[in-house]
Amino acid sequence: MTGTAFLEANHVSKQIKKEQILTDIDLSLHKGKIYGFRGKNGSGKTMLFRLLCGLIRASKGSVNVDGKTLGEDISFPPSVGVLIEYPGFLNGYTGFKNLKLLAEINKIIDDEKIKQSIGMVGLDPDDKRKYRKYSLGMKQRLGIAQAIMEEPELIILDEPTNALDSDGVEEIKKVLLDLKADGKCILIASHDKEELDYLSDEIFMMENGKIVDHYALEGDSA
């Protein structure tokens with residue numbers, strides 16, 4: 001693809017103690033695309049996502065986001081929404097209150113935008129139930145809402161449809177395709193091959209901390 005990549009990983013490796021977690025990862029990812037990452041548990045998907053969003057640092061190589069290097073020019077991508085593993089929220093607060101607390105950090109969205117994001121993922125923004133009363137599927141939806149509510153340029157989602165029923169999966173698919181159409185750069189890890197193939201423009205296969213295959217898909221997510 002022509003044009004400057006929005007997110008680049010250049011020969012990235014990660015070692016923790018003496019264990020090699022990631023080995024020589026190269027990526028060149030663009031806005032307006034969904035990139036799927038597939039592999040068994042322990043293949044390195046989650047660790048790669050942590051590294052790309054600045055939660056851990058590479059042992060070797062570099063990660064560039066919009067022309068700036070993580071760990072040098074910036075600590076984290078300047079505009080990123082992340083859902084990695086299980087979403088963590090305060091049990092005694094409603095979904096809206098949890099997201100409002102997070103929104104106070106950057107102060108770039110208002111209450112209406114928070115409510116809109118909650119509605120986009122199929123939840124009721126006026127639901128008075130506390131988070132502790134949420135089902136697993138509701139918790140997952142709220143996690144996705146927090147990742148997208150500030151309209152970040154980079155969206156990284158680890159198993160976003162985990163615990164969702166079929167209706168929920170379809171709702172989230174629509175949300176992701178709409179975000180792609182808005183020009184976001186979206187990374188998704190999923191065990192569901194059919195779902196990943198439907199959403200993704202390109203697929204990266206991971207095994208033992210390496211990208212062992214990479215291919216483009218035509219038509220499915222256009």
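Residue indices begin at 1 and follow the sequence shown. Computation of the quantities below employed the complete heavy-atom set of this structure, encompassing side-chain atoms and omitting hydrogens, waters and symmetry-equivalent molecules.
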Practice task
Please check if atom NZ in Lys210 has more than 12 non-hydrogen atoms from other residues, nucleotides or ligands closer than 6.0 Å.
Solution key: no

Handout entry: Minimum heavy-atom distance between Asp26 and His11, given as atom pair plus value
Key = OD1-N, 2.8 Å

Handout entry: Nearest non-hydrogen partners of Ala147 and Pro152, listed with the distance
Key = O-CG, 3.3 Å

Handout entry: Pairing residues for Thr46 by the side chain to side chain contact (heavy atoms under 4.5 Å, CB included) criterion, not counting sequence neighbours
Key = Arg50, Ile84, Glu85, Asp158

Practice task
Apply side chain to side chain contact (heavy atoms under 4.5 Å, CB included) to the pair Phe96 and Ile114, showing each step before the final yes or no.
Solution key: CA-CA 7 Å; Phe96 171 78; Ile114 297 170; 3.7 Å; yes

Problem - From Lys33 atom NZ to Asp201 atom CG, the distance as rounded to the nearest 0.5 Å - result: 4.5 Å

Handout entry: Euclidean distance, Leu157 CG relative to Leu176 CG, rounded to 0.5 Å
Key = 6.0 Å

Exercise for the section: Under the side chain to side chain donor-acceptor pair (under 3.5 Å) rule, collect the residues that match up with Lys97, sequence neighbours excluded. Expected result: none

Problem - Greater than 12 external heavy atoms within 6.0 Å of Asn208's CG - result: no

Practice task
State whether the number of non-hydrogen atoms from other residues, nucleotides or ligands found under 6.0 Å of Glu112 atom CD is greater than 12.
Solution key: no

Practice task
Verify side chain to side chain contact (heavy atoms under 4.5 Å, CB included) between His30 and Thr4, making sure each step is shown before the conclusion.
Solution key: CA-CA 8 Å; His30 295 257; Thr4 303; over 6 Å; no

Exercise for the section: Please round to the nearest 0.5 Å and tell me the distance separating atom CG of Leu22 and atom NZ of Lys45. Expected result: 11.5 Å

Practice task
Would you check if Leu177 and Ile34 make a side-chain contact, meaning some heavy-atom pair closer than 4.5 Å?
Solution key: yes

Completion exercise
residues 51-60 vs side-chain hydrogen bond (donor to acceptor under 3.5 Å, both in side chains), sequence neighbours excluded, gives none

Problem - Sequence-distant partners of Asp127, side chain to side chain donor-acceptor pair (under 3.5 Å), two or more places apart - result: Arg129

Handout entry: Full working for side chain to side chain contact (heavy atoms under 4.5 Å, CB included) between Leu52 and Leu27
Key = CA-CA 10 Å; Leu52 294 176; Leu27 298 170; 4.0 Å; yes

Fill in the blank from the handout: So ring pair (Phe, Tyr, Trp, His ring centres under 6.0 Å) across residues 124-168, not counting sequence neighbours, yields Phe89-Tyr131, Tyr131-Tyr134

Practice task
Please report the closest heavy-atom contact between Ser117 and Ala145, naming both atoms and the distance.
Solution key: O-CB, 3.9 Å

Expected list for residues 64-77: side-chain donor-acceptor pairs under 3.5 angstrom, two or more places apart:
{"residue": "Asn64", "atom": "OD1", "partner": "Thr69", "partner atom": "OG1", "Å": "2.6"}
{"residue": "Asp73", "atom": "OD2", "partner": "Thr69", "partner atom": "N", "Å": "2.9"}

Practice task
Give me the other members of the hydrophobic cluster that Tyr93 sits in, counting Ile, Leu, Val, Met, Phe, Trp and Tyr linked by side-chain heavy atoms under 4.5 Å, directly or via other members.
Solution key: Leu90, Leu101

Practice task
With the side chain counted from C-beta on, respond yes when Phe49 and Leu83 share a heavy-atom pair under 4.5 Å apart, and no when they do not.
Solution key: no

Exercise for the section: Answer yes or no: is there a side-chain heavy-atom contact under 4.5 Å between Leu102 and Asn98? Expected result: no

Practice task
Examine Lys31 relative to Phe6 and say whether NZ or CZ is less than 6.0 Å from the centre of the six-membered ring and inside a 45° cone about the ring axis.
Solution key: yes

Exercise for the section: Please report the closest heavy-atom contact between Glu150 and Ile109, naming both atoms and the distance. Expected result: CG-CD1, 3.8 Å

Practice task
State which residues pass side chain to side chain contact (heavy atoms under 4.5 Å, CB included) with Val169; sequence neighbours excluded, sorted by chain then number.
Solution key: Thr161, Leu164, Lys173, Glu195

Exercise for the section: Inspect the contact between Arg141 and Asp167 and indicate whether a charged nitrogen and a carboxylate oxygen are less than 4.0 angstrom apart. Expected result: no

Exercise for the section: Report yes or no: does Ser43 contribute a side-chain atom to a donor-acceptor pair with the main-chain N or O of Lys40 at less than 3.5 Å? Expected result: yes

Practice task
Starting at CG of Leu154, measure out to CD1 of Ile156 and round the result to the nearest 0.5 Å.
Solution key: 4.0 Å

Exercise for the section: Taking only Lys NZ, Arg NE, NH1 and NH2, and the carboxylate oxygens of Asp or Glu, determine whether Glu151 and Lys184 approach each other closer than 4.0 Å. Expected result: no

Handout entry: Close side-chain approach of Phe204 and Arg38, heavy atoms under 4.5 Å
Key = no

Handout entry: Euclidean distance, Leu199 CG relative to Glu194 CD, rounded to 0.5 Å
Key = 10.5 Å

Handout entry: Partners meeting side chain to side chain contact (heavy atoms under 4.5 Å, CB included) with Val12 (sequence neighbours left out)
Key = Ala9, Ile25, Leu51, Ala58, Val63

Exercise for the section: Please examine the side chains of Lys133 and Met138, heavy atoms only from C-beta on, and report whether any two atoms are closer than 4.5 Å. Expected result: no

Fill in the blank from the handout: The side chain to side chain donor-acceptor pair (under 3.5 Å) partners of Ser62 (sequence neighbours excluded) come to Asn10

Problem - Donor-acceptor under 3.5 Å (Gln146 side chain, Val82 main chain) - result: yes

Problem - Val80 side chain near Glu153 side chain, heavy-atom distance below 4.5 Å - result: no

Exercise for the section: In plain terms, say whether Lys174 and Asp178 are close enough for a salt bridge, that is, a side-chain N and a carboxylate O under 4.0 Å apart. Expected result: yes

Practice task
Could you tell me the separation between the CD1 atom of Ile148 and the CD1 atom of Ile155, rounded to the nearest 0.5 Å?
Solution key: 7.0 Å

Problem - Side chain to side chain, Gln140 and Pro87, heavy atoms closer than 4.5 Å - result: yes

Handout entry: Residue pair Lys130 / Asn91, side-chain heavy-atom distance below 4.5 Å
Key = no

Problem - side chain to side chain donor-acceptor pair (under 3.5 Å) partners for Asn41, two or more places apart - result: His191

Practice task
Inspect the surroundings of CG in Leu136 and state if more than 12 heavy atoms from other residues, nucleotides or ligands are less than 6.0 Å away.
Solution key: no

Practice task
For His214 and Tyr35, run side chain to side chain contact (heavy atoms under 4.5 Å, CB included): C-alpha distance rounded to whole Å, both residues' side-chain angles, the deciding distance at 0.1 Å, then the answer.
Solution key: CA-CA 10 Å; His214 165 231; Tyr35 298 93; 5.9 Å; no

Problem - Sequence neighbours excluded, every pair satisfying side-chain hydrogen bond (donor to acceptor under 3.5 Å, both in side chains) that has a member inside residues 13-22 - result: none

